Amino acid sequence: MKITPVILAAGQGTRMRSDLPKVLHPLLGKPMVWYAIQTAQEVSDERAVMVIGHGGEEVRRAVGQVVEFVVQEPQLGTAHAVKQAEPLLRGSTDLVLVTCADMPLLQADTLKSLVQAHMVRGQSQGKWTPITLLTVSTDEARGFGRIIRTQDGDVQAIIEESEATPEQLQIKELNAGVYCFSAEWLWDALDRISLSSKGEYFLTDLAALAVSDGFNPQALTAADLTEVIGINTRLHLAEAEAVLRKRKNQALMQSGVTLVDPATAYIEAEVEIGRDTVIWPNTFLQGNTSIGVSCTIGPNSIVRNSRIGDRSQVFASTLEGALVEEDVDIGPYAHLRKGAHLARGVHIGNFGEIKDSYLGAGTKLGHFSYVGNTTVGANSNIGAGTITCNYDGVRKHPTVIGENVFIGSDTMLVAPVKVGDRARTGAGSVVTKDVPADSLAVGIPARVIRRFSKSG
Ligand code: UD1
Ligand code: CA
């Protein structure tokens, strides 16, 4: 059975009061529409079709090639939106699974149950139906369509709030806006929908149409009301963020991660964390970040687009685009920027800033230093207050420091410059020329005053 998801995303979203298309507003670090795509992909291997319109080009650029796009122009309602997928799908799919891009909390399991229910009915003699829809029962109407049933409980129609009678408005069973259709019936049925008083073609009219065709529409009631919350305002956006964050944190804890205070652990959707890692309060783990096993991160840390190896520690620090190997300890108050790569066992103390640099295994940078465009070998010591002067106002220049080097406190390394293996610089020296291996350089500008014997 071929199931093709169709995600509706052409609506305007005026109530967000935003220049950004509604479905691109971020939730847990990903655009809202990402969740609808993820969920669709969990239910079907078929490439989803996304109907775009308002802000369509921006949505297309943000989403990329993971879905097939069709443009709805002008936007004449939800039935008209689904209709736009017909040229692509007619004759090539058995089922059409319709969801909305602004329902990021809908879970794949719920969609799977919907499809399952539809297929089971398809196999039972005389009970075939071209439509299975998701409903919710709640006192909070939220502007949703009402489900009209007969006394026997058969679904008769969906009535939009704008067209409902006072009695119909009392109905507590609501249309979630998620449907599974049999394609062979769907496309022609869409042509038979007439224009509503609102000037739109309502997809919801398909329920009554199925009944008049002699079928019994099937309804599945969602167990969890929060799943079908649609995002229309910034208030809804914050509600959804809270639910998604809670889900992410719960999944991490279930997988063996300790969150000391889940309420202040802000962990984005795609972050991966190994077991026995402890996340202290007020910690932000963002973007494409992965953290190994038995690490300690936080409190008060931000880790963005970075990888951290096993058993490392980050204490009250900020990492952006950094690669940290195993057994590294960082902070408090360190700042690792793009291209910082710390090898195994590196120690970074307070107020270290590192950018586009490699620090070899076991190297230490204890206090107040800036290291940029630099390579440091293993087991070197960068003294307090060391600065790599990498920028001449126009270009960046490299600094190369060997292994087992001792850079004295407050050394200025004026790049491009090299300091050889086992060399030392005196406190406060300004190094403008290369320092050979096994030597001591001091002064301003620094000059070599001693050569060490290579005793190893
Ligand atoms: C719709 C349902 C309503 C249901 C509610 C659940 C209809 C007529 N009503 O109402 O019964 O309770 O969802 O959330 O379907 N869209 C397009 N093109 C359009 C219009 C809408 O792509 O021309 C998209 C929107 O971007 C959105 C989805 O369809 O993703 C739903 O549209 P929306 O206007 O939010 O419908 P509701 O009024 O909420
Ligand atoms: Ca809506």
Side-chain angles (χ1 to χ4, degrees), residues 3-90 92-93 96-106 111 143 177-179 181 186-187 190 193 195 198-203 229-238 240-241 244 268-270 286-288 304-305 321:
I3 307 159
T4 307
V6 172
I7 303 169
L8 306 186
Q12 187 162 17
T14 12
R15 283 176 288 167
M16 292 296 285
R17 301 190 191 283
S18 176
D19 292 334
L20 189 67
K22 175 168 88 172
V23 298
L24 294 186
H25 277 260
L27 283 168
L28 227 58
K30 299 303 265 181
M32 190 189 300
V33 65
W34 181 82
Y35 294 91
I37 298 169
Q38 289 294 111
T39 312
Q41 283 174 343
E42 276 185 63
V43 177
S44 170
D45 295 333
E46 298 302 321
R47 214 164 135 87
V49 176
M50 184 174 291
V51 184
I52 52 173
H54 271 285
E57 284 316 302
E58 252 181 283
V59 175
R60 193 196 289 268
R61 248 178 287 127
V63 169
Q65 293 309 303
V66 292
V67 299
E68 200 81 56
F69 293 100
V70 293
V71 177
Q72 184 198 17
E73 187 60 59
Q75 290 87 38
L76 298 178
T78 44
H80 181 251
V82 174
K83 180 83 186 153
Q84 308 310 308
E86 181 184 353
L88 222 69
L89 299 183
R90 189 184 257 273
S92 72
T93 190
V96 175
L97 183 60
V98 174
T99 63
C100 296
D102 63 356
M103 284 179 56
L105 301 178
L106 186 66
L111 272 187
V178 177
Y179 320 81
F181 295 109
L186 174 67
W187 307 122
L190 285 173
I193 291 179
L195 209 59
K198 245 176 100 183
E200 289 186 8
Y201 294 95
F202 288 161
L203 190 60
I229 291 177
I231 312 295
N232 295 321
T233 66
R234 306 238 184 194
L235 211 79
H236 299 155
L237 193 70
E241 174 91 15
L244 289 169
E268 289 186 352
E270 289 190 298
Q286 303 177 324
N288 179 16
R304 184 177 299 149
N305 298 328

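No experiment lies behind these values; they were computed from the predicted model shown.
The side chain to side chain donor-acceptor pair (under 3.5 Å) check on Gln286 picks up Arg304, with sequence neighbours excluded. Under the side chain to side chain donor-acceptor pair (under 3.5 Å) criterion, Thr4 pairs with Thr93, not counting sequence neighbours. Residues forming a side chain to side chain donor-acceptor pair (under 3.5 Å) with Thr39 (at least two apart in sequence, or on another chain): none. Residues passing the salt bridge (charged side-chain N to carboxylate O under 4.0 Å, His left out) test with Glu86, sequence neighbours excluded: Lys83, Arg90. Gln41 meets the side chain to side chain donor-acceptor pair (under 3.5 Å) test with no other residue; sequence neighbours excluded. Residues satisfying the side-chain contact (heavy atoms from CB on, under 4.5 Å) test with Leu237, not counting sequence neighbours, are Met16, His25, Leu27, Met32, Ile231. Partners of Tyr179 under the ring-ring contact (aromatic ring centres under 6.0 Å, His included) rule, at least two apart in sequence or in another chain, are Phe181. In this structure, Glu73 has no salt bridge (charged side-chain N to carboxylate O under 4.0 Å, His left out) partners at least two apart in sequence or on a different chain. Residues meeting the salt bridge (charged side-chain N to carboxylate O under 4.0 Å, His left out) test with Glu270, sequence neighbours left out: Lys30. Take Thr78 and apply the side-chain contact (heavy atoms from CB on, under 4.5 Å) test, not counting sequence neighbours, and it matches Leu8, Leu203.
A donor-acceptor pair is defined here as one N or O able to donate and one able to accept, closer than 3.5 Å; no such pair exists between the side chain of Arg15 and the backbone of Arg234. The backbone N or O of Asn288 lies less than 3.5 Å from a partner atom in the side chain of Asn305, making a donor-acceptor pair.
Looking at every heavy atom in both residues, Leu244 comes nearest to Pro104 through CD2-O, 4.2 Å. When all heavy atoms of Gly177 and Cys100 are compared, the pair lying nearest together is O-SG, 3.9 Å. Between Ala9 and Ala101, the shortest heavy-atom distance links the atoms CB-CB, 3.6 Å. Of all the heavy atoms in Val59 and Pro21, the pair that sits closest is CG2-CB, 4.1 Å. Here the shortest heavy-atom pairing between Gly64 and Phe69 reads O-CE1, 3.3 Å. Heavy-atom minimum distance, Leu190 versus Ala79: CD2-O, 3.8 Å.
Counting only heavy atoms from C-beta outward, the side chains of Ile3 and Glu46 never approach each other to under 4.5 Å. Within the 4.5 Å cutoff, no side-chain heavy atoms of Tyr35 are placed close to those of Leu105. Inter-residue side-chain proximity for Pro26 and Pro31 is flagged as unmet; no heavy-atom pair is nearer than 4.5 Å. In this structure, the side chains of Ile37 and Val66 come closer than 4.5 Å at one or more pairs of heavy atoms. Contact of the Val98 side chain with the Val178 side chain is not registered, since no non-hydrogen atoms from C-beta on lie closer than 4.5 Å. Contact annotation: the side chain of Leu88 approaches that of Glu68 to within less than 4.5 Å [non-hydrogen atoms, C-beta and beyond].
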Only pairs under 3.5 Å count here: list side-chain donor-acceptor contacts from residues 48-57, not counting sequence neighbours, and write none if there are none.
| unit_1 | atom_1 | unit_2 | atom_2 | d |
| --- | --- | --- | --- | --- |
| His54 | NE2 | Gln75 | OE1 | 3.2 |
| Glu57 | OE1 | Arg60 | NE | 3.4 |
| Glu57 | OE2 | Arg60 | NE | 3.4 |

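Rounding to the nearest 0.5 angstrom, the gap separating the CG atom in Leu76 from the CZ atom in Phe202 is 12.0 Å.
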From CA spacing to verdict: side-chain contact (heavy atoms from CB on, under 4.5 Å), Glu241, Leu28: CA-CA 6 Å; Glu241 174 91 15; Leu28 227 58; 3.6 Å; yes
task: Applying side-chain contact (heavy atoms from CB on, under 4.5 Å), run through His236 and Asp102 and close with a yes or a no.
output: CA-CA 10 Å; His236 299 155; Asp102 63 356; over 6 Å; no
message: The test is side-chain contact (heavy atoms from CB on, under 4.5 Å); show your working for Val82 and Leu186 and say whether it passes.
response: CA-CA 9 Å; Val82 174; Leu186 174 67; 4.1 Å; yes
message: If you apply the rule side-chain contact (heavy atoms from CB on, under 4.5 Å), what do you find for His80 with Ile193, and how did you get there?
response: CA-CA 9 Å; His80 181 251; Ile193 291 179; over 6 Å; no
